[in-house]
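Each residue takes its place number in the sequence, starting with 1.
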Amino acid sequence: MCFNDNDEKLWREDPHEYVRKGYDIIEDLYSPRTASIDFITELVRKRGKENLQKFLTFIVEVYRRYDEAAPGYKPYRQKDGALLAVGALCDKLKQTEPYKSQLEQMLVQHVFPEFRSQVGHLRAKAAWVAGQYASINFADQRNFSAALHSVVAGLRDPELPVRVDSVFALRSFVEACKDLNEIRPILPQLLDEFFKLMNEVENEDLVFTLETIVDKFGEEMAPYALGLCQNLAAAFWKCMQSAEAEEDLDESGALAAVGCLRAISTILESVSRLPHLFPQVEPILLPIMQRMLTTDGQEVFEEVLEIVSYMTYFSETISLEMWSLWPLMINALDDWAIDFFESL
């Protein structure tokens, strides 16, 4: 479960591949690390009375050795493995006393300090673990705020994997946030950093985070709707171009493309009571709808139809350009899209 030499080499030489492997379901099937996590999770689930306390005592000992060691001699990799274990056991620990009531103290003492670690993989792991526990009831809301702002700061980290783990953790913090004033002042900067990362990495989980932000803020996203649609459309075309270049869209790229369309729908729904915005986003989305209502878009046909429905239902008028999509939909229905009859 600990960070190892192979991880270090990949992190340093090809951080994009490190990120891809870390979030690839297929890679998980052959990963000793994932197998170890599954074993520990099953062990405490089925034989928790005998083993949970023993395992956590071992984790606490790792923390103690780490805290007592001099800076140049700290067992960074063992601490990484201990944090992974604690994050993986979050569901069990959040439900089980006495651990449940000690989680905030554990985070403050052993996780949050690693946001400032000189070691990149510990900064990434701190963000991930913080995200796993973002939903707990913090006795001191200042601890929640400090963790949230540390995660947001991670979006600007020099190391790509730290930025990616920070985005994923941010989703949990946005969902758990009770006072949106924590996020509202930094929303423009946050979206800017988010799209910089989307330009670097094709990953559906990035889009999930954006959807969560849009859901949470609703109509407050109106000033950003045009820019969001532009960025998501650009990200979608990037995924499609990659597919055409490689003649086969890999799983993460395909899911990212679908995620972009789904996020666009979420944005259109959030501004549905502001019909004046729809003519502004139409020129951005029209090329996607025109292309993906043909056989090229069979894999994303349902998502595109949803965008079409928002654009026609909530807009004050249906433009001639939008009417031009009607023959495309009828041709698709006649040819191959009979399964989508109800949606059409």
Side-chain angles (χ1 to χ4, degrees), residues 1-12 15 18 22 31-41 43-44 48 51-94 96 98-134 136 138-140 142-144 146-151 153-154 157-166 168-169 172-173:
M1 294 175 76
C2 297
F3 196 80
N4 59 38
D5 289 341
N6 290 335
D7 297 325
E8 180 72 40
K9 186 171 186 288
L10 194 59
W11 177 292
R12 189 174 60 254
Y18 180 91
S31 166
R33 181 171 289 126
T34 304
S36 301
I37 292 170
D38 291 344
F39 171 74
I40 292 298
T41 306
L43 182 69
V44 301
N51 295 292
L52 181 56
Q53 180 60 51
K54 292 178 188 175
F55 185 69
L56 290 177
T57 301
F58 171 74
I59 295 297
V60 170
E61 177 61 20
V62 173
Y63 287 163
R64 186 190 63 78
R65 291 201 309 269
Y66 180 87
D67 290 340
E68 292 178 357
Y73 300 93
K74 288 185 181 292
Y76 296 112
R77 294 182 175 186
Q78 284 74 25
K79 175 72 180 278
D80 187 285
L83 291 176
L84 177 61
V86 167
L89 293 176
C90 65
D91 290 338
K92 181 74 172 177
L93 296 178
K94 284 190 278 191
T96 310
Y99 316 111
K100 179 180 175 181
S101 56
Q102 298 170 1
L103 289 175
E104 183 173 356
Q105 181 186 351
M106 181 273 296
L107 291 170
V108 171
Q109 192 171 342
H110 299 294
V111 179
F112 295 169
E114 300 308 331
F115 281 121
R116 301 181 297 277
S117 173
Q118 63 182 10
V119 180
H121 64 84
L122 279 180
R123 296 197 301 276
K125 197 63 87 247
W128 178 77
V129 176
Q132 295 291 90
Y133 290 97
I136 68 170
F138 283 84
D140 186 345
R142 289 174 298 182
N143 291 329
F144 178 87
L148 169 62
H149 287 285
S150 293
V151 166
D157 195 276
E159 305 274 8
L160 176 65
V162 181
R163 297 199 296 275
V164 171
D165 279 343
S166 296
F168 298 156
S172 300
F173 276 93

With sequence neighbours excluded, residues passing ring pair (Phe, Tyr, Trp, His ring centres under 6.0 Å) with Tyr18: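 Tyr18 satisfies ring pair (Phe, Tyr, Trp, His ring centres under 6.0 Å) with Trp11 only.
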From CA spacing to verdict: side chain to side chain contact (heavy atoms under 4.5 Å, CB included), Val111, Val86: CA-CA 10 Å; Val111 179; Val86 167; 5.7 Å; no
Least distance between heavy atoms, Ala69 atom then Pro75 atom: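 Shortest heavy-atom contact: CB-CD, 4.2 Å.
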With Ser31 via side-chain hydrogen bond (donor to acceptor under 3.5 Å, both in side chains) - residues at least two apart: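 Thr34.
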Heavy-atom closest contact (Met1 atom, Asp80 atom, distance):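 Answer, listing the atom of Met1 first, then Asp80: O-OD1, 4.4 Å.
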Stepwise salt bridge (charged side-chain N to carboxylate O under 4.0 Å, His left out) test for Arg77 and Asp7: CA-CA 10 Å; Arg77 294 182 175 186; Asp7 297 325; over 6 Å; no
Set of ring pair (Phe, Tyr, Trp, His ring centres under 6.0 Å) partners for Phe144, sequence neighbours left out: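 In terms of ring pair (Phe, Tyr, Trp, His ring centres under 6.0 Å), with neighbours along the sequence ignored, Phe144 is linked to Phe138, Phe173.
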Minimum-distance pair of heavy atoms, taken over all atoms of Ala88 and Trp128: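 Smallest heavy-atom distance, with atoms named: N-CH2, 3.6 Å.
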Ile136 CD1 to Lys100 NZ distance, which is reported to the nearest 0.5 Å: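 Answer rounded to 0.5 Å: 10.5 Å.
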Heavy-atom pair with the smallest gap, counting every atom of Ala130 and Phe112: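 Looking at all heavy atoms of both residues, the shortest contact is CB-CE2, 4.1 Å.
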His121 NE2 to Asp165 CG distance, which is reported to the nearest 0.5 Å: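 Atom-to-atom, His121:NE2 and Asp165:CG are 12.5 Å apart.
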Arg163 side-chain N/O to Pro158 backbone N/O, donor-acceptor pair under 3.5 Å: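 Such a contact is found between Arg163 side chain and Pro158 backbone.
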Leu52 CG to Ile40 CD1 distance, which is reported to the nearest 0.5 Å: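 If I round to the nearest 0.5 Å, the distance is 10.0 Å.
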Distance in Å, Arg123 CZ paired with Lys125 NZ, rounded so as to fall on 0.5 Å steps: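 Rounded to the nearest 0.5 Å, the CZ-NZ separation comes to 13.0 Å.
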Gln78 side chain vs Val62 backbone, donor-acceptor pair below 3.5 Å: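 Judged by distance alone, no pair lies under 3.5 Å.
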Derivation and outcome, side-chain hydrogen bond (donor to acceptor under 3.5 Å, both in side chains), residues Thr57 and Glu61: CA-CA 6 Å; Thr57 301; Glu61 177 61 20; over 6 Å; no
Test log, rule side chain to side chain contact (heavy atoms under 4.5 Å, CB included), inputs Leu89 and Val44: CA-CA 8 Å; Leu89 293 176; Val44 301; 3.4 Å; yes
Within-4.5 Å side-chain heavy-atom neighbours: Val119 and Lys74: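 Counting from C-beta outward, Val119 and Lys74 never come under 4.5 Å.
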Arg65 backbone acceptor or donor facing Lys79 side chain under 3.5 Å: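 Absent.
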Verdict with supporting geometry, Glu114 and Tyr76, side-chain hydrogen bond (donor to acceptor under 3.5 Å, both in side chains): CA-CA 10 Å; Glu114 300 308 331; Tyr76 296 112; over 6 Å; no
Closest non-hydrogen atom pair, Ala85 against Ile59: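 Smallest interatomic distance, heavy atoms only, reads CB-CD1, 3.9 Å.
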Non-hydrogen side-chain atoms of Leu93 and Leu56 separated by less than 4.5 Å: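 Yes, their side chains come closer than 4.5 Å.
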Working for side chain to side chain contact (heavy atoms under 4.5 Å, CB included), residues Val129 and Leu107: CA-CA 9 Å; Val129 176; Leu107 291 170; 4.3 Å; yes
Intermediate values then yes/no, side chain to side chain contact (heavy atoms under 4.5 Å, CB included), His110 and Asp67: CA-CA 9 Å; His110 299 294; Asp67 290 340; 3.4 Å; yes
Atom pair CG/NZ of Leu43 and Lys92 - distance to nearest 0.5 Å: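 It is 10.5 Å, given to the nearest 0.5 Å.
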Student check: side-chain heavy atoms of Leu122 and Leu83 closer than 4.5 Å: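 When only atoms from C-beta onward are counted, Leu83 and Leu122 do touch, with a gap below 4.5 Å.
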Phe55 side, atom CZ; Phe58 side, atom CZ - distance, nearest 0.5 Å: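 It is 7.0 Å, given to the nearest 0.5 Å.
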Side chain proximity check, Leu84 to Phe3, heavy atoms < 4.5 angstrom: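 When only atoms from C-beta onward are counted, Phe3 and Leu84 do not touch, as no gap falls below 4.5 Å.
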Minimal non-hydrogen separation, Ala169 against Ala127, with atom names: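 Closest heavy-atom pair between Ala169 and Ala127: CB-O, 3.1 Å.
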